Amino acid sequence: MTDAIRLKAKDYKSEVKPIWCPGCGHFSVHNAITKAMAALGIDKDRTVLVSGIGCSSRLPAYVDSYGFHGVHGRGLAIAQGLKVARPDLTVLALGGDGDGFSIGGNHFIHACRRNVDITYIAMDNEVYGMTKGQASPTTPMDWDHSKLTPHGPGVRPFKPAALALASGAPWIARGYSGNPNQIAKLIAEAVEFPGFSFLHVMSQCITFCPEQTDWKAIVTESEAPPLADADEAAKQFLHEDGFQTGLLYREQRATWPPPGATAAEEGAPGKLAAAFRV
Amino acid sequence: MTDAIRLKAKDYKSEVKPIWCPGCGHFSVHNAITKAMAALGIDKDRTVLVSGIGCSSRLPAYVDSYGFHGVHGRGLAIAQGLKVARPDLTVLALGGDGDGFSIGGNHFIHACRRNVDITYIAMDNEVYGMTKGQASPTTPMDWDHSKLTPHGPGVRPFKPAALALASGAPWIARGYSGNPNQIAKLIAEAVEFPGFSFLHVMSQCITFCPEQTDWKAIVTESEAPPLADADEAAKQFLHEDGFQTGLLYREQRATWPPPGATAAEEGAPGKLAAAFRV
Amino acid sequence: MSTRYLSIAITGAGGAGVISCGELLLRAWAREGGRGLLRKAYGPQIRGGESAALLKLTADERYTAASRYDAVVALDWDNFTRFEDEIVLDADSWVLCDEAQALPPAVVAAGARVVDVPFDELAAACHPEGRVNMLALGVLGRLLGLPATTLAELAGQKLAGKPRDYRDAATACIELGAARDIACQLPVPPMGNKGAWYLSGNQAAGLGALEAGIRFVAAYPITPASDVLEWMAGGLERVGGQLVQAEDELAAINMTIGAAFGGVPAFTATSGPGLALMTESIGLAVASETPVTILNVMRGGPSTGIPTKSEQSDLNIALHGLHGDAPHLVLAPLDIADCVFTTGWAVQLAQRLQTAAIVLSDQFIGQSTAIVSEPRRCAPFAATPAQDPGEEGAYLRYRLTGSGVSALVTPGDAGHRFTADGLEHNEKGTPSSRQSDHQRQLAKRQDKLTAFDFGGDWAQIDGDGPVALVSFGSSAAAVTEAANQLAESGVATRVISLRLLAPLQTAALAAALEGCSRVFVVEQNHGGQLFHYLRGQLDFGQPVHSYALAGPVPLSPENIAQAVATVIAEATRS
Amino acid sequence: MSTRYLSIAITGAGGAGVISCGELLLRAWAREGGRGLLRKAYGPQIRGGESAALLKLTADERYTAASRYDAVVALDWDNFTRFEDEIVLDADSWVLCDEAQALPPAVVAAGARVVDVPFDELAAACHPEGRVNMLALGVLGRLLGLPATTLAELAGQKLAGKPRDYRDAATACIELGAARDIACQLPVPPMGNKGAWYLSGNQAAGLGALEAGIRFVAAYPITPASDVLEWMAGGLERVGGQLVQAEDELAAINMTIGAAFGGVPAFTATSGPGLALMTESIGLAVASETPVTILNVMRGGPSTGIPTKSEQSDLNIALHGLHGDAPHLVLAPLDIADCVFTTGWAVQLAQRLQTAAIVLSDQFIGQSTAIVSEPRRCAPFAATPAQDPGEEGAYLRYRLTGSGVSALVTPGDAGHRFTADGLEHNEKGTPSSRQSDHQRQLAKRQDKLTAFDFGGDWAQIDGDGPVALVSFGSSAAAVTEAANQLAESGVATRVISLRLLAPLQTAALAAALEGCSRVFVVEQNHGGQLFHYLRGQLDFGQPVHSYALAGPVPLSPENIAQAVATVIAEATRS
Ligand SMILES: Cc1ncc(C[n+]2csc(CCOP(=O)(O)OP(=O)(O)O)c2C)c(N)n1
Ligand SMILES: Cc1ncc(C[n+]2csc(CCOP(=O)(O)OP(=O)(O)O)c2C)c(N)n1
Ligand code: SF4
Ligand code: SF4
Ligand SMILES: [Mg+2]
Ligand SMILES: [Mg+2]
């Protein structure tokens, strides 16, 4: 960033007032993003936040950068297209557990596999907040607060970190909305990591899952260095209770597209046309 | 099956002539399915084969049972809806690697998670056969035979078994088109397994990937009992070269919907209406 | 104003419970034999934002949105401006509020009469757990002449799960409100009708579907369709059906198709964005001749648009959103009660004609709650005319028959195995790319719709005047109301409210228009979708005008009447 | 028959190389200054099934499908019946085949003249690696008067990667064929034109897109659009762009939108089923005003339909398949060469008007290869009229301007940060559910299209007779040809071939129809989609008739001419 004055976190907030319920975990993520931006001294004009639809996906408008509030479940696809076309930009994709793991599940696993250099923050409250509290793919089997699944979804929840690992994600971390400073630190690392970085944030929905205030008591913060071994990571991710936070896994591998893929050939369009002449 | 005469494999073939290229691996799967049906003495009239679109997905018409040839990538959704509505039927879903892991990826991971009692056979030739040879999510990174990806896809292929495991599939096996008897045995076991069973068949595309005839040399057949431990399985699936065949993983867990979920209440529709009366 | 009605708006912060207040008031009103509608409006906040309960009480069940409000109960004025477009006040309006809070400029400008009710103060003084909405309920109940005991009883039922203290507080506040003498006269409509139902359009649609035989639903939540599903989840459990919450709309429609293929009548509900995701597979249902019903509760578009507000802008996609030539059914319920009939009819038609039916409801009728006379039901169709699948082995799933409808068997049926296919196929179902097979199957799928006798329910026709007002779905109420107003000013109309949009009953519609000198096509969208569609299908012998106005504010009968009157006046003058 | 052309069909098993034979023949013909078209037809088998190379050589570049065949080279007769609908023979036709193989009944019935060429035997005798298709190439080359050396040279280029033996065999077979004296006279059209191009419509569309500035493509393979993408993958690499093979069409369109938001002109290509999956997000492009171009290469529908064959049945979904009121651009190239112009124009219009453009090509022009005069290009638009985003911080992304087009900045632009949104929004882009914002933004998105001056390229108009023949896209060629035939029988026509379908240029079209006594709307689909669309948009003062016939067999000029003549005769009689 060329700007001489160092910006503070609050300088990265836009003037739009969030629509979230008081006490919503997404406020923490919003704070953490702006903190990370400040810590990185990131250029607002060269940063884009992309999202789908959901309470969480409303976030881009609250940050003073470029943003794209897309359609439900497709934020990751927009973000990848943007980054491939404009490798000079810093691109973050954001969304909820419904947006990312339910309707957007295919883009999630393919983004992990494709390894385009973007950061993806999934704000997981184990519920569809925006549509007033239905079960998501991470909702506990027996959560019976939704009339749509009155006896609970009855289906084992996804373990997003395990899914990301199996799909090929090279950088996996977890945060908790009760600890925005840690989220900020992880976001900064994710942005700097060259490749697809997946940050899973447990972000409580105070309105539809007030019981999530109990998360506070069971969250653990990992001090251990991130695992670089996929076996170990898989073992951990399949078994964990889902509340260990910190950088969990990191591996270096080639990003896509390969660097320098877009060098133009001298006079190319003309030559292409010429090839059709008899 | 009530029928007194025991049917042979060939009795389960329909009269429609397959459109496949001579030498296509899908013929083996077709044979294996009819063998398994004969071995199980399955009732043709109570069996449904559901598929998406692709060379592989053409299979249902070649079997003398009920069938549904759906649209690209959605066979698993049709199959699950059918089985939930009609638990009395035997439902098999079939398709290719493009159909199942690319466009159908979201249904694949959610079917693994949901655990409806169907059998899913993915006929993986690491290519889109039907559309004339483009890369699929399982194509090797450097496979440069498609004009769409002239330097190879450049992206690490999915490991379908690992993905299935991370998504929650309780029964995972692998077959190879060079060994239809083993496929038949696995299909029979899959059909009898109470829950979602995922059979990954390496089924060569002789036309667009003639190099796949080399698979013969590297396939191994597992004699070991299936793993029941997810850690061990994950470790194996993330590392394997993809050619170990046999039943790889089996775990018992509750299927969805829970049994007996559809018992009707006496006079229910009338009572529902009555509740709206002032 | 031709129709006597009483309109009341109750506004407040999201937490204040204005919607509960409105619901309890309407329920009590229903008990006394009143008729009325409750529309709910929310700001964009999920919780804690402002909300409004918009009541219209009217003895004749004319359930359009109110064009002005007789009374506003403002528990606070925060963000009132968000509703400014909808809550129109004038000098005849009464405003009940705490005068200590400054009035918004719009209210001052309207010159409404203000009555001081210090809600917060009174509620707090009445009981430590006292709540302003219950106080308002008492106040309004008195103005309507409702017994405080009824209000308290209904509140008690609603709060059954809450601590006793809380319930006591409610009763105390209701009583306090009911005891308060307020110098304000409201034009209370007559009560005393009996035999009413109390439900929302979404509930009515769910009931219609279940009654018509739906036993399987797969869906993905979306506003404003989620509450159809939420009601059906409970309902299906009781009738022995099954609901699957799918991972997305692509799965939802395909699961629906799978269940239908299994012979279980199957249904899904969604809204615009979800419908868009489903069109590929609705085409599969059409091509494979698998019966499915899709309820689309329309909201503001395009794209994510305005999810919580009403509009009729999904007509185009419902009619034409499928690729290829894919004839199917499109219907639209005309009002809340009609959601029962039209949804049930759609389900039965889909089953009978082995195709997809799209039902276009909208947020206005879907999420409003009303007191209505017992809804008409779609009489169960006579059993499907006997279709003989023929001998074992000789079954032709897609046989060319006179009616275009072929015998359909379902798995489990012995000896009539077939493979359903979305690829073009011959009569047996085997894929074919021959011109002859293609043309015949295309014709079959079209002809079975064209040839079917849909009877008289394709539209509701009122009046026989020379000016035709044509609309579809929920606009019908506003148009009917506009027709009444026009009648008062001497313009005789003929109101044609379309329930069946595809296949359009062109001959019947032409007959219905016979003798009309002028046609107005009224709809709630920007592009005049119905207008263009009708012109494309029908040769109008008379001038046709478009009255198309996008949401989210409901269509206003007054404005429609005025627009019609203006055109007629101009035509007469020139 | 008004236009002199020579039609040749070469049929055989999939492995026999009939398509290569057709391609080499057409290339050699091009070298000599001939003009012609090659259409490829395959059976459903992936490999090993039957296939046909359908050639039409005609000096005037009238590239309709042949209505009958002058000659058929049948390398074998297996499954010939699959092509029976397309390869029409009569007593004037020549059939070159091995008489040892029994003739199919249809050929016998047609009374075609048979010439014995024992292909298998001759090829085997000529060289151990001898191939029948090369023998046929030699035979046909001689009949067309093409030098055997040219054929051998082109075959050598094509077989460059094969072993020498193989290439030698090809040369030997070609020479043997060329030396064979065949007692058959074909009406060979004149050659000697120069400066031709040799390409398919799909290649032409790809070229048009790249020349218009496309530098990003995301797509998912689908027949018959994959070869656009396959050509573009190579092309983009050379012009410094990027192609992403997406996991599905949902990802493809959204990646395209993402790149476009980044300021890089972006494109995707698909066919019916894929377009259906994209409509939700095309609506996002419309609402967020992000420019994208979608090429839809139409195939037989509905559902999976007939993937390898042509049809024009995706007009409805292209026009109306988006939910909500979502005005956008729909265009259709009129022929293979025009794919360059129309696709380029679409890209530029999408960029200029900040919206989505759907281009409707089809399998017939997309996958046929032709020799054409140098294609016309869409002249690069003058740089977008200066749009001042205004001062830092005061930028209104969705500002209401006179033209409806607002200044668009892309990330990286200092100080004009905004968030694009598919939710309804105010001028700044902040979500809003207010009536006033909604109505204004709806109007803006419509008006920017309505107000734009599209110039004269909206249609191609030929003739000024009183009978109008209106069509769109690839039907234009058959209609033009029909018009010529009608002219010969004294019916003067006016052919209006629509290139711009939305926004429909109603005023220009009405002007073009002025003085016409009768209008025929011609299209290749079952439902008469264009017919109904035009009637819905335009007040026709004269009778309008629909000539709509589904695929997969291409529209026949003769049948169109006859249908028109019949209607006119009847009208005159009555
Ligand atoms: C295609 C489509 N389907 C459904 C919806 C309705 N919808 C909006 S947000 C949402 C889920 C939001 O849940 P999540 O992503 O977890 O975000 P949260 O609100 O919990 O932060 C749904 C189902 C939609 N907008 N579009
Ligand atoms: C929505 C949609 N997109 C794309 C296609 C085109 N398509 C047909 S089959 C296929 C891939 C087939 O590959 P796979 O599933 O691996 O089957 P295989 O042919 O290799 O057996 C594709 C992309 C389609 N039919 N529908
Ligand atoms: S509903 Fe839940 S997720 Fe949405 S804003 Fe409120 S607390 Fe947050
Ligand atoms: S193209 Fe490949 S997958 Fe398809 S039928 Fe031929 S060999 Fe099999
Ligand atoms: Mg959530
Ligand atoms: Mg494959």
Side-chain angles (χ1 to χ4, degrees), chain B residues 14-16 19 43-51 53 58 60-86 88-89 91 106-107 109-111 113-114 116 256-257 261-265 268-273 275-278, chain C residues 27 30-31 194-199 203-204 207 210-211 215-216 218 235-242 244 246-248 250-264 266 280-281 283-284 288 290 371 374 410-423 429-431:
Chain B
S14 79
E15 283 159 16
V16 183
I19 59 153
D43 184 348
K44 295 173 170 197
D45 290 320
R46 311 194 75 77
T47 304
V48 188
L49 269 58
V50 181
S51 65
I53 297 290
R58 288 289 197 119
Y62 311 146
V63 173
D64 185 22
S65 66
Y66 281 91
F68 203 123
H69 186 206
V71 294
H72 192 39
R74 317 290 165 213
L76 271 174
I78 292 182
Q80 289 172 87
L82 175 60
K83 180 70 185 185
V84 170
R86 288 289 305 275
D88 58 308
L89 301 174
V91 178
N106 205 29
H107 310 308
I109 59 176
H110 280 272
R113 181 172 99 82
R114 194 176 282 118
V116 172
W256 196 90
T262 55
E265 181 185 321
K271 287 188 199 161
L272 286 168
F276 291 120
R277 290 180 202 276
V278 169
Chain C
R27 275 206 178 272
R31 282 263 190 104
K194 291 284 167 190
W197 287 38
Y198 179 94
L199 80 181
Q203 290 171 328
L207 180 68
L210 289 196
E211 287 188 340
R215 290 297 176 271
F216 180 92
L236 280 167
E237 191 169 323
R238 295 176 63 185
V239 300
Q242 195 54 263
V244 189
E247 55 270 30
D248 58 19
L250 305 163
I253 181 68
N254 281 284
M255 288 173 171
T256 305
I257 291 171
F261 176 73
V264 176
E280 187 205 6
S281 298
L284 172 64
S288 66
T290 310
I371 310 164
E374 169 146 14
T410 48
D413 186 298
H416 296 110
R417 298 175 292 277
F418 72 98
T419 295
D421 210 318
L423 274 171
T430 309

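Within every chain, numbering begins at 1; the chains are lettered A, B, ... in the order of the sequence lines, protein sequences first and strands thereafter. Values below: every heavy atom of this structure, side chains too, minus hydrogens, waters and symmetry copies. Predicted model only: the values in this text are computed from it and were never measured.
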**Item:** C/Glu280 side, atom CD; B/His72 side, atom NE2 - distance, nearest 0.5 Å
**Value:** 9.0 Å
**Request:** Evaluate the side-chain contact (heavy atoms from CB on, under 4.5 Å) criterion for residues B/Leu272 and C/Arg238: first the C-alpha distance (whole Å), next the side-chain angles of each, then the deciding distance (0.1 Å), finally the verdict.
**Result:** CA-CA 8 Å; B/Leu272 286 168; C/Arg238 295 176 63 185; 3.8 Å; yes
**Request:** For residues C/Leu250 and B/His107, determine if any side-chain heavy atom of one lies less than 4.5 Å from a side-chain heavy atom of the other.
**Result:** yes
**Message:** Quick check: do B/Gln80 and C/Val244 have side-chain heavy atoms less than 4.5 Å from each other?
**Reply:** no
**Message:** Is any side-chain heavy atom of B/His69 closer than 4.5 Å to one of C/Leu423?
**Reply:** yes
**Asked** What is the minimum heavy-atom distance between B/Leu89 and C/Pro411, and which atoms define it?
**Response** CD1-CB, 3.7 Å
**Asked** Side chain, backbone, both or neither: which part of B/Ala79 has a non-hydrogen atom closer than 4.5 Å to chain C?
**Response** neither
**Request:** Under 4.5 Å heavy-atom distance to chain C, tell me which part of B/Arg86 shows up: side chain, backbone, both or neither.
**Result:** side chain
**Prompt:** With a 4.5 angstrom heavy-atom cut-off, which part of C/Ala218 approaches chain B: side chain, backbone, both or neither?
**Reply:** neither
**Prompt:** Looking at C/Glu211, C/Arg27, C/Glu374, C/Lys194, which has the largest count of heavy-atom pairs under 4.5 Å with chain B?
**Reply:** C/Glu374
**Request:** Let me know if B/Val71 has heavy atoms under 4.5 Å from chain C in its side chain, its backbone, both or neither.
**Result:** both
**Asked** How long is the gap from CG on C/Asp421 to CD1 on B/Ile53, to the nearest 0.5 Å?
**Response** 7.0 Å
**Request:** Find the distance between CD (B/Glu265) and CD (C/Glu237) and round it off to the nearest 0.5 Å.
**Result:** 9.0 Å
**Prompt:** Is any side-chain heavy atom of C/Thr290 closer than 4.5 Å to a side-chain heavy atom of B/Phe68?
**Reply:** yes
**N/O donor-acceptor pair under 3.5 Å between B/Tyr66 side chain and C/Gly262 backbone** = no
**Request:** Please flag which part of C/Val264 lies under 4.5 Å from any non-hydrogen atom of chain B: side chain, backbone, both or neither.
**Result:** side chain
**Complete:** Cut-off 4.5 Å, heavy atoms of chain C, and the answer for B/Arg113 is neither
**Asked** When rounded to the nearest 0.5 angstrom, what is the spacing between CG in C/Asp413 and CZ in B/Arg46?
**Response** 10.0 Å
**Request:** Begin from the C-alpha positions of B/Ile78 and C/Leu284 and carry the test side-chain contact (heavy atoms from CB on, under 4.5 Å) through to its verdict.
**Result:** CA-CA 11 Å; B/Ile78 292 182; C/Leu284 172 64; 3.9 Å; yes
**Request:** Flag the one option from B/Asp64, B/Leu49, B/Val63, B/Thr47 with the top tally of heavy-atom pairs under 4.5 Å to chain C.
**Result:** B/Asp64
**Message:** Quick check on the interface: out of C/Gly422, C/Gly415, C/Ser281, who has the most heavy-atom pairs with chain B under 4.5 Å?
**Reply:** C/Gly415
**Prompt:** Using non-hydrogen atoms only, which part of B/Asp88 is less than 4.5 Å away from chain C: side chain, backbone, both, or neither?
**Reply:** neither
**Prompt:** Between C/Leu207, C/Ile257, C/Leu236, which has the largest tally of heavy atom pairs under 4.5 Å with chain B?
**Reply:** C/Leu207
**Message:** Please classify the contact of C/Phe216 with chain B as side chain, backbone, both or neither, using a heavy-atom distance under 4.5 Å.
**Reply:** side chain
**Heavy-atom closest contact (B/Ala77 atom, C/Asn254 atom, distance)** = CB-CB, 3.6 Å
**Message:** Quick one, B/Ser14 and C/Arg417 - any side-chain contact, counting heavy atoms below 4.5 Å?
**Reply:** no
